[in-house]
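Reading through the structure tokens given below for one structure.
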Amino acid sequence: IFSIVVFGSIVNECYVNKDSQDPELLCIFNENESACSYGIAIGIIAFFGCIFFFVVDLYFQQISSVKDRKRAVLLDLGFSGFLSFLWFVAFCFLANQWQRTTMSKGVSQGADAARAAITFSFFSIIVWVVLAVKALQRYRLGTDMSLFATDQFAADPTAAYPGYPTGSGIETTETYQSPPFTETLEANPKGYQVPAY
């Protein structure tokens, strides 16, 4: 949501005319096109990254390979850490350019949107750091069965560990199979009838 606010406010209100005679739209952040482009790019990358990792989280239990699950968690950790850094750069860059901006009539029209972009880029730093920490915790729990098991266990901590399923308890000798590649001495083994044609 924060990324939508950042790139949405920049796209909608942070391009203004310098004066009424010049129809060219300029970036509100000190007329620096790089500041607006960077804020928009990071917002879009974060938005699509969130959608991707939301889908990965939905299908995480259906990933059967432990290696693939580990890769998904490592990818989440790396992406969250990298985006935390990019949002920090965006906050510093936008705040610096806003501080250098000279106020004019056009700038004052988009000032609230510029402040919103700066504020939500700061909040995005916090959110992505929290996501990176959660991904790190999830990675450290990699040896825990709850992360990599496909069956969910009872949530009660005092519940016993589920054992193996048991049969009827009666073992018969009928289920014994002879080793492969051995000849049977009987012409007609027990239970086998020769079909009559």
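Residue indices begin at 1 and follow the sequence shown. Excluded from the calculations below are hydrogen atoms, water molecules and symmetry mates; all remaining heavy atoms, backbone and side chain alike, are included.
- For the atom pair CG of Leu94 and CD1 of Ile42, the computed distance is 10.0 Å after rounding to the nearest 0.5 Å.
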Could you walk me through whether Ser3 and Trp87 pass the side-chain contact (heavy atoms from CB on, under 4.5 Å) check? CA-CA 10 Å; Ser3 62; Trp87 278 117; 4.0 Å; yes
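- Ser108 is linked by a side-chain hydrogen bond (donor to acceptor under 3.5 Å, both in side chains) to nothing, counting only residues two or more places apart in sequence or in another chain.
- Asn96 places no side-chain N or O within donor-acceptor distance of the main-chain N or O of Cys92, the cut-off being under 3.5 Å.
- Residues Ile118 and Trp98 approach most closely at CD1-CB, 3.5 Å, considering heavy atoms.
- Taking each heavy atom of Val56 and Ala72 in turn, the nearest pair found is CG1-CB, 4.1 Å.
- Residues passing the ring-ring contact (aromatic ring centres under 6.0 Å, His included) test with Tyr38: none are found, sequence neighbours excluded.
- When the side chains of ILVMFWY residues are joined at heavy-atom separations under 4.5 Å, either directly or via intervening members, Ile1 and Ile126 end up in two distinct hydrophobic clusters.
- For Ile10 against Ala117, the heavy-atom pair with the smallest separation is CG1-CB, 3.9 Å.
- For Gln62, the CD atom counts as densely surrounded, since its 6.0 Å shell holds more than 12 non-hydrogen atoms of other residues, nucleotides or ligands.
- Listed by chain and number, the residues in a side chain to side chain contact (heavy atoms under 4.5 Å, CB included) with Ala132 are Ser80 (sequence neighbours excluded).
- Screening residues 115-127 for salt bridge (Lys or Arg N to Asp or Glu O under 4.0 Å), with sequence neighbours left out, gives Asp112-Arg115.
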Let me have the donor-acceptor pairs involving side chains of residues 48-55, under 3.5 Å, with sequence neighbours excluded, atom names and distances please.
none

Between Phe93 and Ser34, is a side-chain contact (heavy atoms from CB on, under 4.5 Å) present by the stated rule, with each step listed? CA-CA 9 Å; Phe93 189 33; Ser34 298; 4.2 Å; yes
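- Looking at residues two or more places apart in sequence or on another chain, you find a side chain to side chain contact (heavy atoms under 4.5 Å, CB included) between Ala135 and Asp76, Leu77.
- For the ring-ring contact (aromatic ring centres under 6.0 Å, His included) test, residues two or more places apart in sequence or in another chain that qualify with Phe122 are Phe91.
- Applying the side chain to side chain contact (heavy atoms under 4.5 Å, CB included) criterion to Asp68, with sequence neighbours excluded, gives Ile63, Ser65, Arg71.
- How far CZ of Phe79 is from OG of Ser84: 10.0 Å, rounded to the nearest 0.5 Å.
- For residues 55-65, the salt bridge (Lys or Arg N to Asp or Glu O under 4.0 Å) pairs, not counting sequence neighbours, are Asp57-Arg138.
- For Glu33, the side-chain hydrogen bond (donor to acceptor under 3.5 Å, both in side chains) partners at least two apart in sequence or on another chain are Tyr15, Ser37.
- A heavy-atom distance below 4.5 Å is found between the side chains of Gln61 and Arg69.
- Side-chain atoms of Asn30 never come within 3.5 Å of backbone atoms of Asn32 as a donor-acceptor pair (strictly under, hydrogens ignored).
- Here the shortest heavy-atom pairing between Ala35 and Phe29 reads CB-CB, 3.8 Å.
- Scored by the ring-ring contact (aromatic ring centres under 6.0 Å, His included) test, Phe120 finds Phe2, Phe123 as partners (sequence neighbours excluded).
- For the side chain to side chain donor-acceptor pair (under 3.5 Å) condition, no pair includes a residue of residues 125-135, sequence neighbours left out.
- The CG atom of Leu86 lies 7.0 Å from the CD1 atom of Ile45; values are rounded to the nearest 0.5 Å.
- Summarising the geometry, atom CD1 belonging to Ile44 is positioned 5.5 Å from atom CZ belonging to Phe7; distances are rounded to the nearest 0.5 Å.
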